[in-house]
Amino acid sequence: MKIGIFGGTFNPIHYGHLRSAEEIRGRFGLDRIFFIPSGNPPLKRKDLAEAAHRYAMVKMAVRENPSFEVLDIECARPGKSYTVNTLEQLLEDHPDTDFYFLLGIDAFLDIPNWREPEQILSLTNFIVLSRPGKNFIELFHSPYLEVKKNVLAGLDRGEGDSCATVLKSGKKAFLTRVTPIGISSTGIRKSIKKGSSIKYLLPAEVESYIISHSLYMQKN
Ligand code: ATP
């Protein structure tokens, strides 16, 4: 069994997340993709919707796709949840499964700031997604990857879809181009504050949920 893990704040989930996950599912032959919205941080963060709302929106967004599933493993936990604990739990719950952790270039570059990064790198394979505004060449200085500069630059120029590399832990990392979709949750929240339309940036049901719960409308 091959399972993708897609973690994020999903504040809110949008078509950039959904389309990237669907392309990766097909390309890597993943049986399922688990979407795992983060929980509530101990200190309330301005502009971060309650975990229960973010979970509800992801649930709606993935409903139609039989390979997509949302897990409340982080949102149901009180206090801050850490990726390392989530991965350990998933491995325990799903023995004999190959896990692939999906994340954008921006998120992969942030791993050194996460709790127990070396342990994280030893628990799962990685699929690092392209994202508008971020280039693979930025991964050249990542302490975890050893990929030649010209290979990274080639990916950025669109020469090839994917590059596979082995991490020190023996797990694999795939640097993978997906259709560039310049949508971000930050952009969506900004549009809502301005009163601009967010139609076609995310599923219609999620848009209705945001409106009916007056999410992201506070100006400060
Ligand atoms: P924000 O703007 O609030 O930072 P976001 O749009 O980056 O949010 P997250 O929930 O933080 O969304 O993202 C979860 C994961 O999805 C991250 O690994 C991120 O890099 C990736 N991701 C988000 N948007 C895109 C996109 N448009 N294309 C590819 N990957 C994306």
Side-chain angles (χ1 to χ4, degrees), residues 1-14 16-18 20-22 24-25 28 30-45 47-63 65-129 131 139 142-145 167-176 178 184-185:
M1 186 88 149
K2 288 165 87 174
I3 298 184
I5 301 169
F6 202 8
T9 46
F10 300 117
N11 186 39
I13 188 161
H14 53 69
H17 299 126
L18 292 162
S20 303
E22 178 62 2
I24 294 301
R25 184 196 63 71
F28 288 84
L30 303 179
D31 299 289
R32 285 149 90 190
I33 295 187
F34 292 158
F35 286 70
I36 307 185
S38 61
N40 288 319
L43 294 175
K44 211 171 154 44
R45 229 180 70 194
D47 235 14
L48 180 68
E50 288 288 320
H53 283 313
R54 293 180 285 109
Y55 174 82
M57 291 188 278
V58 176
K59 198 172 170 86
M60 286 174 183
V62 302
R63 191 155 40 213
N65 192 323
S67 305
F68 287 0
E69 204 176 312
V70 58
L71 302 191
D72 67 358
I73 176 169
E74 293 198 356
C75 344
R77 242 185 233 154
K80 191 161 168 42
S81 41
Y82 295 99
T83 301
V84 65
N85 304 122
T86 303
L87 288 171
E88 282 167 350
Q89 185 172 335
L90 286 172
L91 287 168
E92 202 177 302
D93 294 348
H94 302 269
D96 306 320
T97 296
D98 270 341
F99 280 109
Y100 294 80
F101 195 93
L102 278 60
L103 75 186
I105 296 174
D106 53 324
F108 189 85
L109 286 168
D110 195 40
I111 292 183
N113 303 317
W114 298 4
R115 176 173 281 205
E116 296 187 51
E118 301 287 342
Q119 171 71 350
I120 291 174
L121 283 249
S122 72
L123 293 175
T124 175
N125 303 297
F126 287 83
I127 299 178
V128 185
L129 313 167
R131 185 176 181 179
L139 296 172
S142 161
Y144 310 125
L145 295 175
L167 302 170
K168 267 188 251 152
S169 63
K171 294 288 180 192
K172 295 182 198 115
F174 300 89
L175 314 183
T176 307
V178 287
S184 70
S185 303

Separation between [atom1] of [X] and [atom2] of [Y], rounded to the nearest 0.5 Å:
X	Y	atom1	atom2	result
Ile24	Thr176	CD1	OG1	4.5 Å
Asp96	Leu91	CG	CG	11.0 Å
Phe68	Ile33	CZ	CD1	4.5 Å
Arg32	Asn65	CZ	CG	12.0 Å
Lys80	Asn85	NZ	CG	10.5 Å
Ile111	Ser142	CD1	OG	7.5 Å

For the pair [X] and [Y], name the ring-plane relationship: parallel under 30°, tilted 30 to 60°, perpendicular over 60°.
X	Y	value
Tyr144	Phe108	perpendicular
His17	Phe6	perpendicular
Phe10	Phe35	tilted
His94	Phe99	perpendicular

| Taking it one step at a time, do Phe126 and Leu167 satisfy side-chain contact (heavy atoms from CB on, under 4.5 Å)? | CA-CA 9 Å; Phe126 287 83; Leu167 302 170; 3.8 Å; yes

| field | Trace of the side-chain contact (heavy atoms from CB on, under 4.5 Å) decision for Val128 with Leu103 | value | CA-CA 5 Å; Val128 185; Leu103 75 186; 4.3 Å; yes

Might you point out which heavy atoms bring [X] and [Y] nearest each other, and give the distance in Å?
X	Y	value
Leu145	Ala173	CD2-CB, 3.9 Å
Ser184	Arg131	CB-NH2, 3.4 Å
Pro143	Pro112	CG-CG, 4.3 Å
Ser122	Lys171	O-CE, 3.4 Å
Glu69	Leu71	OE2-CD2, 3.7 Å
Leu121	Ser169	O-OG, 2.8 Å

| query | Quick one: are Leu30 and Ser67 in side-chain contact, heavy atoms under 4.5 Å? | reply |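 Side chain of Leu30 against side chain of Ser67, heavy atoms only: no contact under 4.5 Å found.
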
| 4.5 Å side-chain heavy-atom contact, Pro41 and Leu48 |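 The answer is yes, as the side chains (C-beta and beyond) meet within the 4.5 Å cut-off.
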
| field | side-chain hydrogen bond (donor to acceptor under 3.5 Å, both in side chains) involving Asn11 - partner list, sequence neighbours excluded | value | Tyr216

| Sub-3.5 Å donor-acceptor pair from the side chain of Asn40 to the main-chain atoms of Ala51, do we have one? | yes

| Hey, is the main chain of Lys2 close enough, under 3.5 Å, to the side chain of Asp31 for a donor-acceptor pair? |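 Yes, because the side chain of Asp31 sits within donor-acceptor range (under 3.5 Å) of the backbone of Lys2.
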
| message | Could you walk me through whether Leu18 and Val62 satisfy the side-chain contact (heavy atoms from CB on, under 4.5 Å) test, starting with their C-alpha distance in whole Å, then the side-chain angles of each, then the deciding distance to 0.1 Å, before giving a yes or no? | response | CA-CA 8 Å; Leu18 292 162; Val62 302; 4.3 Å; yes

| Note: Glu74-Arg77 ion pair, threshold 4.0 Å (strictly below) |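 Salt bridge flag = no for Arg77 with Glu74.
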
| said: Less than 3.5 Å apart, any donor N or O on the side chain of Arg54 or Ser38 sitting next to an acceptor on the other? | reply: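 Checked: Arg54/Ser38 side chains pair up, N/O donor to acceptor below 3.5 Å.
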
| said: Would Lys172 and Tyr100 count as a side-chain contact (heavy atoms from CB on, under 4.5 Å) here? Give the steps. | reply: CA-CA 9 Å; Lys172 295 182 198 115; Tyr100 294 80; 5.6 Å; no

| query | Can Lys59 be said to sit on top of Tyr55's aromatic six-ring, NZ or CZ under 6.0 Å from centre and within 45° of the ring axis? | reply |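 No, cation not above the ring by the 6.0 Å, 45° rule.
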
